[in-house]
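This report concerns only the one structure given below.
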Amino acid sequence: MQLYQTQELKIYNSLSGKKEVFKPLNEGHIGMYVCGPTVYSNVHLGNCRTFMSFDMIFRYFKHLGYKVRYVRNITDAGHLEDDAEDGEDKIAKKARLEQLEPMEVVQRYTLDFHNILNKFNFLPPSIEPTATGHIVEQIEIVKAILDKGLAYVVNGSVYFDVAKFSETNDYGKLSGRKLEDMIANTRELTAQDEKKSPQDFALWKKAEPQHIMRWPSPWGDGFPGWHLECTAMSTKYLGETFDIHGGGMDLKFPHHECEIAQAEAWNNQTPVNYWMHANMLTLNGRKMAKSTGNNILPNEIFSGENPFLSKAYSPSVVRFFMMQAHYTSILDLSDEALLASERGYQRLMDSIASLEQLPTGDSSDFNVAAWVQKGYDAMNDDFNTPILIANLFEAVKHINLIKEGKETISAADKKILSQAMQNFVFDILGLENQNSTQSNSDKLSNVVGLLIEMRNEARANKDFATSDKIRDQLAEMGIQLKDGKDGTTFTLS
RNA sequence: GGCAUUGUGGCCGAGUGGCUAGGCAGAGCUCUGCAAAAGCUUGUACAGCGGUUCGAAUCCGCUCGAUGCCUCCA
């Protein structure tokens with residue numbers, strides 16, 4: 001008996017705009033695809049929030065007993081910087097600027113991405129495919145769509161014919177846009193355009209001679225269009241129709257809309273049952289974006305080296321902060337909000353730490369079974385982690401009362417409570433009970449600094465019994481004091 | 001300009017047609033040598049204006065504001 005058989009999960013489906021009861025295509029199995037990062041610069045905190053939301057979702061599915069194939073791609077082919085005639089590949093541009101091979105850039109930022117995600121305690125996806133590893137598959141899709149007459153070749157590039165597609169399919173159903181409105185509101189294009197219509201999008205782009213990233217194709221040397229890789233990789237690993245496709249809200253249009261169009265044109269069936277969009281992390285009320293410079297890098301938050309922050313925050317505190325907001329809500333990052341989260345996180349962790357030594361009694365003043373189900377109810381309601389956390393604090397209150405002898409808990413309930421805390425806090429939310437090593441070593445320096453000061457005061461008062469006691473006992477603990485001309489320092493042995 | 005989302009107490013952030021989360025901060029009390037921690041008590045918030053309703057912060061309309069997308073973007 002798996003948990004998913006008793007817990008009814010509802011998911012907000014962007015396609016219908018409603019919460020729907022989740023039913024996978026194959027019972028007990030879930031196929032989930034999430035659009036990953038373009039690896040041309042360091043992953044920023046906003047990127048992390050989206051991936052963290054899906055990490056939490058992945059964790060909950062696994063906890064419920066589902067077998068999940070979670071595919072999250074790495075976009076390493078690069079895409080057009082702008083629509084101008086000298087359109088240059090993002091990755092190629094960065095490579096030129098840094099005098100690196102494009103694949104060197106890809107490698108550097110892929111490593112950075114993985115490194116940061118590890119610090120945040122992410123579970124690795126089942127498959128992490130790259131766009132450049134699936135050029136052949138993408139070319140095959142372009143061919144198939146051309147054969148159906150839903151794309152056209154112009155000067156070595158292939159474009160998807162949105163108008164033609166709209167005759168038989170609903171282009172715009174995900175983002176709530178109407179093609180006629182889009183045509184009516186088309187911006188003036190300054191550059192000459194090969195496309196029949198501004199709504200059309202590239203399936204394959206011709207590579208100019210100076211373009212470094214290029215592959216041979218039936219239409220000449222070029223590179224795949226931005227939207228195509230996800231269709232190629234999701235179909236290859238999850239099938240023509242699969243359960244869940246996720247990504248950031250900003251990808252809803254045009255990226256995901258185009259993915260739907262391509263896949264429907266290619267396979268005559270809708271590719272995804274549940275579309276999920278994680279909302280943006282803002283900084284000072286504005287979207288974090290690499291392009292505008294309004295962003296914080298994860299390492300800046302771990303070190304506190306950012307003008308917006310008063311101090312360093314551990315990855316787990318940041319994770320807790322993010323989990324306190326629902327994944328579909330915009331979340332604004334501020335130092336004040338992080339401080340509040342840090343205090344709350346610490347209270348939660350202190351309570352969990354005291355759980356082991358909690359005295360047990362004959363009965364429980366606290367309905368543990370009902371409390372556990374409330375936690376599941378929160379998660380089952382479209383992964384409502386803020387409600388789950390509120391419920392966790394309900395338990396914190398009881399744990400503290402039991403600790404003070406004002407309430408009792410039975411041994412059996414204590415075991416259930418302990419296991420549920422483990423499940424909710426560590427397995428599902430993905431938090432870790434660790435103060436950052438940085439802040440611990442800071443605390444240690446402060447503590448030893450205080451002792452050094454006291455010892456100096458004692459020495460000044462010729463109270464050598466005290467001063468020697470401080471020195472010798474610290475030495476026993478492996479902390480060696482060193483008196484020098486400029487004061488006392490210490491080393492750890 | 002178009003499409004979408006959104007507007008909750010000092011701050012962050014849930015939620016529901018009537019029983020009004022949670023965290024942080026604040027106030028009072030208990031405990032304590034003093035603190036801290038912990039516990040208890042406390043805050044009648046839902047942008048504005050209309051409408052529907054016995055009743056709306058929750059539904060509808062309008063106004064104002066914010067954000068995202070419409071060009072690469074998590």
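Here is the naming used below: chain letters follow the sequence lines, and residue numbers restart at 1 for every chain.
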Side-chain contact check for A:M280: nearest option of B:rG68, B:rC40, B:rG13 is B:rG68
Check: How is A:H326 classified with respect to the nucleic acid when contacts are heavy atoms under 4.0 Å: base, sugar-phosphate, or nothing?
Finding: sugar-phosphate
Any strand, both distances under 3.5 Å, Watson-Crick or G-U wobble: B:rC40 pairs with B:rG28
In whole angstroms, the gap separating P of B:rA4 from CG of A:L251 amounts to 19 Å
Can you confirm whether the side chains of A:Y33 and A:N73 place a donor and an acceptor under 3.5 Å from each other?
yes
Heavy atoms only, 4.0 Å cut-off, all strands: where does A:G172 land among base, sugar-phosphate and nothing?
nothing
Side-chain atoms of A:A390 come closest, of B:rA21, B:rA74, B:rC24, to B:rA21
Quiz prompt | Span that lies between the P atom of B:rU5 and that of B:rC59, in whole angstrom | solution = 13 Å
If we take the P atom in both B:rA47 and B:rG10, what is their distance in whole Å?
14 Å
In whole angstroms, the gap separating C1' of B:rC40 from CG of A:D365 amounts to 16 Å
Tested for side-chain hydrogen bond (donor to acceptor under 3.5 Å, both in side chains) against A:E229, the lone hit among A:T75, A:T130, A:T132 is A:T75
- Query: How is A:D332 classified with respect to the nucleic acid when contacts are heavy atoms under 4.0 Å: base, sugar-phosphate, or nothing?
  - Reply: sugar-phosphate
Taking B:rG22, B:rC11, B:rA38 as options, the one with an atom nearest any side-chain atom of A:N400 is B:rA38
From CD of A:E404 across to P of B:rA38 the rounded distance in Å is 10 Å
- request: For nucleotides B:rA57 and B:rC49, find the distance between their P atoms and express it as a whole number of Å.
  value: 11 Å
Looking across every strand, which nucleic acid part, if any, lies under 4.0 Å from A:L281 by heavy atom: base, sugar-phosphate, or nothing?
base
Spacing of the P atoms in B:rG13 and B:rC24 (rounded, Å)
16 Å
Closest of B:rA21, B:rA74, B:rG39 to the A:L401 side chain is B:rG39
Without swapping roles, check the side chain of A:S157 against the backbone of A:K206 for a donor-acceptor pair under 3.5 Å. yes
Q.
Applying a 4.0 Å non-hydrogen cut-off, can you work out what A:N384 is touching in the nucleic acid: base, sugar-phosphate, or nothing?
A. sugar-phosphate
Rounded to whole Å, the CG-P distance (A:D250 to B:rU71) equals 14 Å
Can you check whether any acceptor in the base of B:rC70 is under 3.5 Å from a donor in the side chain of A:R177, or vice versa?
no
Using ring centroids (six-membered ring only for Trp), state whether A:F321 and A:Y313 fall under 6.0 Å. no
Mate of B:rC59 across any strand shown (Watson-Crick or G-U wobble, both atom pairs under 3.5 Å) is B:rG51
For a quick check of understanding: with a heavy-atom distance under 4.0 Å over all strands, which category does A:S175 fall into, base, sugar-phosphate or nothing? sugar-phosphate
Applying the 3.5 Å cut-off to both distances, the Watson-Crick or G-U partner of B:rU5 turns out to be B:rA66
| query | Hey, does A:G247 reach any base, or is it just sugar-phosphate, or nothing, if we go heavy atoms under 4.0 Å? | reply | sugar-phosphate
Over all strands shown, is A:R49 touching base, sugar-phosphate only, or nothing at heavy-atom distances under 4.0 angstrom? nothing
Taken to the nearest whole Å, CG/A:N279 to P/B:rU6 is 9 Å
Just to be sure I understand the rule, does A:A325 reach a base, reach only the sugar-phosphate, or reach nothing, if contact means heavy atoms closer than 4.0 Å? sugar-phosphate
Considering only heavy side-chain atoms of A:R343, the closest of B:rA14, B:rC24, B:rG23 is B:rC24
| message | Between A:D413 (side chain only) and A:S363 (backbone N and O only), is there a donor and an acceptor less than 3.5 Å apart? | response | no
- Query: Does A:F54 have A:R72 sitting over its ring (NZ/CZ under 6.0 Å from centre, angle to axis within 45°)?
  - Reply: no
Whole-Å distance, A:H277 NE2 to B:rU67 P, equals 21 Å
Looking at A:S197 and A:Q199, would you say the former's side chain and the latter's main chain have a donor-acceptor pair under 3.5 Å?
yes
Checking N1-N3 plus N6-O4 or O6-N4 for Watson-Crick, or N1-O2 and O6-N3 for wobble, each under 3.5 Å, the partner of B:rU20 is none
Of A:K406 and A:Q324, the one whose closest nucleotide on RNA chain B sits nearer the 5' end is A:Q324
Distance check, P atoms only: B:rG23 and B:rA4, in whole angstrom units. 37 Å
Practice task
Can you tell me, in whole Å, how much space there is between the C1' of B:rU52 and that of B:rA66?
Solution key: 28 Å
Residue pair A:A278/A:P254 against RNA chain B: nearer the 5' end by closest nucleotide is A:P254
Winner on side-chain proximity to A:F51, out of B:rA38, B:rA74, B:rG13, is B:rA74
A:E336 CD to B:rG13 C1', in whole Å, measures 13 Å
*asked:* Work out how far the C1' atom of B:rC54 is from that of B:rC11, and round it to whole angstrom.
replied: 37 Å
*asked:* Does A:K397 reach a base, just sugar-phosphate, or nothing at all? Heavy atoms under 4.0 Å.
replied: sugar-phosphate
Problem set entry | Rounded C1' spacing from B:rG15 to B:rU8 in Å | 10 Å
A:Y12 atom OH is separated from B:rA14 atom C1', nearest whole Å, by 17 Å
Under 4.0 Å between any heavy atoms, over every strand shown, what does A:S329 touch: base, sugar-phosphate, or nothing? Just pick one. sugar-phosphate
Check: When the ring planes of A:F201 and A:F160 are compared, do they come out parallel, tilted or perpendicular, using 30° and 60° as the limits?
Finding: parallel
